[in-house]
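These notes concern the structure reproduced below.
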Amino acid sequence: LYFGSHHPNHTFSSIVYSACLRLRRIINDNERLNKQIDELKGFFFQSNYPKKMVENISEKVKGFERRLTPLENQQQQQSMANGARQQGRYPTNTDRNPMLP
């Protein structure tokens, strides 16, 4: 998204943050991560994103620990699954189909 477009400022920072975070989650080697984030920053600079904003967000994300799911969500899911197993039930993820009885 070109930085000069008419969108709220938080939209641009969210795009930078989510793109960097996606790289953080899928790359487990910090050296490769740094190279990929540097390449990504180049694309943002080509789209006229402010250098300071891109640098601040990317450095913040580089400091994150690599996790595939948010910790609190992961703990909650584990807790729910353990409680269900203790009661002899096993959780499933299905959508309720109103066409079924």
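Remember, it's a predicted structure, so these values are computed and weren't measured experimentally. When reading the values below, keep in mind they use all heavy atoms of this one structure, side chains included, and skip hydrogens, waters and symmetry mates.
- Remark: Lys41 engages Asp38 in a salt bridge, criterion side-chain N to carboxylate O under 4.0 Å.
- Under the side chain to side chain contact (heavy atoms under 4.5 Å, CB included) test applied with Val54, the options Phe45, Phe12, Phe43 reduce to a single match, Phe45.
- Here the shortest heavy-atom pairing between Phe64 and Leu21 reads CD1-CD1, 3.8 Å.
- The 12-atom threshold is exceeded at NZ of Lys62, counting heavy atoms of other residues, nucleotides or ligands nearer than 6.0 Å.
- For the pair Ile57 and Tyr17, the tightest heavy-atom approach, listed with the atom from each and the gap, is CG2-CA, 3.5 Å.
- Distance check: Glu31 CD to Leu33 CG gives 11.0 Å after rounding to the nearest 0.5 Å.
- One finds no salt bridge joining Glu55 and Lys52 here, because no Lys/Arg side-chain nitrogen approaches an Asp/Glu carboxylate oxygen to under 4.0 Å.
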Hey, mind stepping through His10 and Ile15 against side chain to side chain contact (heavy atoms under 4.5 Å, CB included) and telling me if it holds? CA-CA 9 Å; His10 65 85; Ile15 290 171; over 6 Å; no
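- Lys51 has its side chain out of reach of Asn56: every pair of non-hydrogen atoms, C-beta onward, lies at least 4.5 Å apart.
- Here CD1 of Ile27 is found 11.0 Å from NZ of Lys35. Values are rounded to the nearest 0.5 Å.
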